[in-house]
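Okay, so here's the structure we're looking at.
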Amino acid sequence: MSTTNKILSNLMWVEKYRPIKLEQVINQKEIVNGLKNLIKNPYEIPHLLFAGPAGVGKTTTALCIARELLGEDWQRNTLELNASDERGIKMVRERVKEFASVMKLATDTNDNVSFRIIILDEADEMTSEAQTALRRIIEDSSKTTRFIIICNYLSQIIEPIQSRCVVFRFMRLAKEDVIGYLKMICEKEGVKYEEKALSQIYAATSGDLRHSINILQASAGMGSVSIANVIASIGLSGKTKVGEIIRSAIAGKFNDARIKLLELTNVYGMSETDFLKYANQELYDMKLEHLDELAALMAEFDYRLAVGAHPEIQLSALLAQLGKLGSKGK
Amino acid sequence: MWSEFYRPRKIEQMIGNEDGRLNVVKWLSGWVVGSRPLFLIGPPGVGKTSLVHVLARQFDYDLVELNASDTRNREELERMILPMLTNTSILGKRLLLFLDEIDGISGREDTGGIESIVNLMKEPTIPVIMAANKRDAKFKELTKVSKVIEFDPVPPRLLMLFLEQVIKKEKKIKKLDPEEKISIVNNSHGDIRSLLNIAQSKYAGYDVTTQDNFEIDIADAINGFFSSDAPQKARDFLSSADASYQDPRFGMSPEERRKDKLNALYSSTMSYSSRLDIASLSSILDILSKADIIVGRVGENRQWSLLKYIDNIIAYGLFPTTHNKGIKYNQYSMSWPVMGPIFSRGRSMKGLLSEMADITHTSKSVFGAEYFPYLIQIMIDSKMDPREFAELSNLDEKSGEVIAKEIDRIKKKGTRHR
């Protein structure tokens with residue numbers, strides 16, 4: 001595991017510059033201070049719930065806490081789960097319950113913490129049935145386990161879980177903080193950058209630091225961080241591919257859109273909810289005429305996807321509806 | 001009600017599954033404390049419940065039965081079962097516990113039900129028999145700790161003999177001709193209870209078998225559906241398909257997928273989509289999408305009663321747009337030359353995505369969208385050998401190959417400089 005991290009962090013800046021300690025996490029000062037105070041007394045640490053947009057450091061903060069509380073052995077005593085990959089009750093019952101039922105081994109005499117940590121990422125993707133099952137496990141295993149639950153939208157976490165955790169709301173990163181961080185990386189890596197190109201990155205990612213650093217490195221690979229290179233690098237992301245699908249659909253190229261969509265979900269593992277999320281951002285950026293109708297359409301299919309049983313049918317139906325709206329404009 | 005009247009009173013009166021019955025008798029007569037519980041798995045109406053009732057009588061046990069009408073969450077089960085397991089001597093009678101309709105234990109209402117049965121069944125102090133209609137992933141653990149005996153549908157030959165007996169006993173004046181008897185046997189699909197119900201209704205003057213009981217293959221049903229000249233006929237084809245509305249979110253075998261009506265309608269219309277205009281496409285898909293919402297609700301809340309509306313919604317909804325278009329059944333929603341390579345790439349990427357999602361502390365979906373394309377580009381720029389990367393990172397040996405192929409694709413396309 002650790003060798004893997006080394007290879008990847010030699011290769012990718014996003015891993016190389018991922019904070020290891022709480023104080024390295026940027027722009028979430030109140031949160032960091034609050035958490036530092038909480039972990040001063042590890043025995044009394046409550047379950048934590050982190051809510052906020054993508055790429056602002058929720059998972060990284062959780063990993064920092066695990067490291068600081070559990071020391072060198074942290075990886076053995078931490079279970080990381082991503083509900084976007086397994087959203088059902090099975091995941092809770094099989095993996096969470098099993099891990100939570102095992103006491104931490106007292107391997108290290110310096111150990112001052114007697115529990116293990118479960119980081120449950122993208123928990124708002126869990127079905128309500130799974131969340132309900134989780135609620136009991138949180139209670140039953142509080143002697144052995146601390147939970148760090150991470151989500152984008154707090155409202156999609158059931159109340160009983162919220163009430164069992166201390167909630168931290170992560171804010172969108174400010175422009176100057178993101179740009180400052182990108183500049184720091186450029187300087188350490190000896191890369192030339194244009195100020196405007198960095199602004200371009202921020203605008204494209206809405207402050208998602210993970211995505212920003214990836215764009216920065218891809219641009220640097222082309223020679224320098226210039227506006228042209230940044231635009232080309234933004235084009236690499238899955239979000240851009242979603243944008244192309246949406247454009248094809250609106251232009252009435254239904255089959256093209258459907259084939260590209262299948263590639264995205266089947267080959268690159270994009271979840272249907274992520275597809276809608278990116279599609280919504282892209283639609284907004286396209287500044288189209290019927291944005292009100294488009295937004296209503298997206299909301300409708302967000303709902304249908306959540307309650308329906310065949311995601312492929314729902315997304316194809318959405319593409320066809322986009323085509324219908326597009327043909328109206330002609 | 002014939003199906004109750006003709007319930008067997010003795011084991012010898014039962015028909016079908018001779019070996020299964022013999023094994024059950026052997027199990028009960030050889031039962032000692034600590035013996036594994038028995039798990040009977042078989043389709044409805046082959047005599048599982050009847051066998052247990054008859055056994056209890058013949059072996060002189062008091063039968064305690066819990067079925068789907070009882071709430072069976074963890075608390076309830078433990079409250080009811082634990083006293084039986086621990087206080088058998090106080091009750092003074094030999095108890096036989098029968099947990100019927102195990103597959104009816106609801107994931108939603110009966111939280112922890114199956115798990116608690118697994119725990120309770122580890123060291124049973126009384127004989128326990130469980131029954132379910134088919135194997136299901138949700139009680140896989142339970143089958144591991146039990147002795148499983150499978151029951152099969154009763155063969156037509158035996159059903160016919162049984163039917164003759166019943167007819168004799170009923171001393172009906174009215175005679176059934178051979179075709180009528182064959183039709184009753186065929187329509188009961190190896191289910192004795194169903195056989196009795198059909199026979200009784202036939203004598204009552206109502207012929208169930210001519211209703212929609214004959215089933216046709218999904219391909220013929222879909223072809224009939226799209227070539228019908230009236231929505232009622234289209235609906236009849238849909239209703240008679242040997243298929244149903246399924247919820248793929250709970251996993252699906254290729255055969256279940258083939259017999260999923262909504263999927264068959266979707267793949268058939270989509271394989272024809274290049275010949276439909278956008279207005280027709282959006283109308284067809286909107287109807288399938290709305291039907292899918294109902295399927296989703298059925299799966300989520302088990303509101304089976306909603307299923308009866310779907311055939312109508314689809315038939316009357318699609319008819320105006322799809323009739324006379326020449327749409328034919330197709331199992332695939334895209335032509336295979338397009339779909340095949342995507343699926344095969346998908347299969348080879350699967351392992352890599354989950355390995356890399358773990359390493360980068362994110363989901364497969366986010367890794368695929370926000371890391372992977374950049375990782376590929378960075379590897380190209382830094383001239384890193386993907387096989388070496390995979391090896392040094394302890395990835396699966398196939399992963400290096402998969403990354404190498406993706407790199408070749410990107411190089412060929414040269415998408416970066418637009």
Side-chain angles (χ1 to χ4, degrees), chain A residues 3-5 7-8 11-12 14-15 54 59-60 63 80 82 84-85 89 93 121-122 129 132-133 210-211 214-215 217-218 221-222 232-233 235-239 241 252 254-255 258-259 262-263 266-271 274 278 304 307-310 312-314 316-317 320-321 323-324 327, chain B residues 107-108 111 247-249 262-263 266 270 273-274 278-279 281-282 285-286 288-289 292-293 295-297 299-300 334 338-339 342-343 345-346 349 353-354 357-375 377-379 381-382 384 389 392-394 415-418:
Chain A
T3 47
T4 312
N5 284 337
I7 302 298
L8 193 69
L11 199 62
M12 290 186 87
V14 68
E15 291 301 319
T59 307
T60 297
L63 294 169
E80 277 182 72
N82 198 301
S84 158
D85 295 332
I89 194 161
R93 285 185 172 161
D121 220 331
E122 301 196 40
E129 202 175 29
T132 309
R210 167 172 58 202
H211 197 186
N214 279 335
I215 294 171
Q217 189 175 8
M222 297 170 80
S233 300
L236 295 172
S237 80
K239 182 173 169 250
K241 288 182 194 148
F254 174 76
N255 269 325
R258 208 159 57 90
I259 294 165
L262 184 74
E263 186 187 17
N266 201 287
V267 180
Y268 299 107
M270 186 174 286
S271 70
D274 278 349
Y278 294 131
R304 290 191 190 185
V307 294
H310 295 68
E312 193 187 343
I313 295 180
Q314 296 299 352
S316 288
Q321 290 292 336
K324 195 176 148 198
S327 70
Chain B
R108 177 165 289 263
T111 316
D247 190 335
R249 291 174 298 177
L262 206 53
N263 192 52
Y266 172 73
M270 284 304 101
S273 62
S274 55
I278 194 69
L281 274 173
S282 61
L285 283 166
D286 198 45
L288 296 181
S289 154
D292 181 49
I293 293 175
V295 174
R297 283 204 197 125
E300 189 77 16
M334 282 176 203
V338 175
M339 204 168 178
I342 295 179
F343 276 16
R345 280 172 65 209
M349 279 285 283
L353 284 181
S354 59
D358 278 354
I359 296 170
T360 53
H361 312 285
T362 181
S363 67
K364 289 192 278 245
S365 176
V366 169
F367 176 79
E370 291 174 20
Y371 274 81
F372 191 63
Y374 294 100
L375 175 65
Q377 196 56 53
I378 290 164
M379 283 175 112
D381 291 339
S382 60
M384 174 103 186
F389 170 81
L392 289 171
S393 310
N394 291 325
T415 48
R416 201 195 206 179
H417 304 276
R418 282 196 264 190

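Chain identifiers are assigned alphabetically (A, B, ...) following the order of the sequence lines, protein sequences preceding nucleic acid strands; residue numbering begins at 1 within each chain. From a predicted model like this one, the values you see are computed outputs, not experimental measurements. Atoms considered below: every heavy atom in the structure, side chains included; atoms not considered: hydrogens, waters and symmetry mates.
With rounding to the nearest 0.5 angstrom, the CD atom of Q217(A) is 8.5 Å from the CG atom of D381(B). Between the CE atom of M339(B) and the CG atom of N266(A) there is a distance of 8.0 Å, given to the nearest 0.5 Å. Annotation: the span from Y266(B) atom OH to H310(A) atom NE2 amounts to 10.5 Å, rounded to 0.5 Å. For the atom pair M334(B) CE and L262(A) CG, the distance stands at 4.5 Å (nearest 0.5 Å). One finds the CE atom of M12(A) at 11.0 Å from the CD atom of Q377(B) (value rounded to the nearest 0.5 Å). Atom CG of residue L8(A) and atom OG of residue S393(B) lie 6.5 Å apart, to the nearest 0.5 angstrom.
The closest side-chain donor-acceptor pair between Q314(A) and S289(B) falls under 3.5 angstrom.
Below 30°, between 30° and 60°, or above 60°: for H211(A) and Y374(B) the angle between ring planes is above 60°, a perpendicular geometry.
No other option in G308(A), G269(A), S316(A), S271(A) has as many heavy-atom pairs under 4.5 Å with chain B as G308(A). Note on V295(B), L375(B), N263(B): by heavy-atom pairs under 4.5 Å with chain A, the leading option is L375(B). Looking only at heavy-atom pairs under 4.5 Å with chain A, the residue among S354(B), S282(B), G299(B) that has the most is S282(B). Interface remark: of the candidates G296(B), G368(B), S365(B), S365(B) forms the most heavy-atom pairs closer than 4.5 Å to chain A. Between chain B and the residues V307(A), V14(A), D85(A), the most heavy-atom pairs under 4.5 angstrom are made by D85(A). Among M379(B), M384(B), E370(B), M349(B), the residue making the largest number of heavy-atom pairs under 4.5 Å with chain A is E370(B). Among R258(A), Q321(A), K239(A), the residue making the largest number of heavy-atom pairs under 4.5 Å with chain B is R258(A). The most heavy-atom pairs under 4.5 Å with chain B, out of L63(A), D121(A), T59(A), come from L63(A). Counting heavy-atom pairs under 4.5 Å between each of T60(A), N82(A), I215(A) and chain B puts N82(A) at the top. In terms of heavy-atom pairs under 4.5 angstrom with chain B, the leader among S84(A), G323(A), S237(A), A54(A) is S237(A).
Heavy-atom distances place both the backbone and the side chain of N214(A) under 4.5 Å from chain B. The contact between R210(A) and chain B is made entirely by side chain atoms (from C-beta outward), counting heavy-atom distances below 4.5 Å. Residue contact with chain B, scored on non-hydrogen atoms closer than 4.5 Å, involves the backbone and the side chain of E263(A) alike. Heavy-atom distances place both the backbone and the side chain of S273(B) under 4.5 Å from chain A. Both the backbone and the side chain of L288(B) come within contact range of chain A, judged by heavy atoms closer than 4.5 Å. Using a 4.5 Å cut-off between heavy atoms, F343(B) contacts chain A through both its backbone and its side chain. Contact annotation for T362(B): both backbone and side-chain heavy atoms come within less than 4.5 Å of a heavy atom of chain A.
Across I278(B) and S327(A), no two heavy atoms sit closer than the pair CG2-OG, 4.1 Å.
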Starting from the C-alpha separation in whole Å, work towards a yes-or-no answer on salt bridge (charged side-chain N to carboxylate O under 4.0 Å, His left out) for D286(B) and R304(A). CA-CA 11 Å; D286(B) 198 45; R304(A) 290 191 190 185; 2.7 Å; yes
Can I342(B) and I259(A) be said to form a side-chain contact (heavy atoms from CB on, under 4.5 Å), step by step? CA-CA 9 Å; I342(B) 295 179; I259(A) 294 165; 4.0 Å; yes
Verdict with reasoning, E15(A) to T360(B), per side-chain contact (heavy atoms from CB on, under 4.5 Å): CA-CA 8 Å; E15(A) 291 301 319; T360(B) 53; 3.8 Å; yes
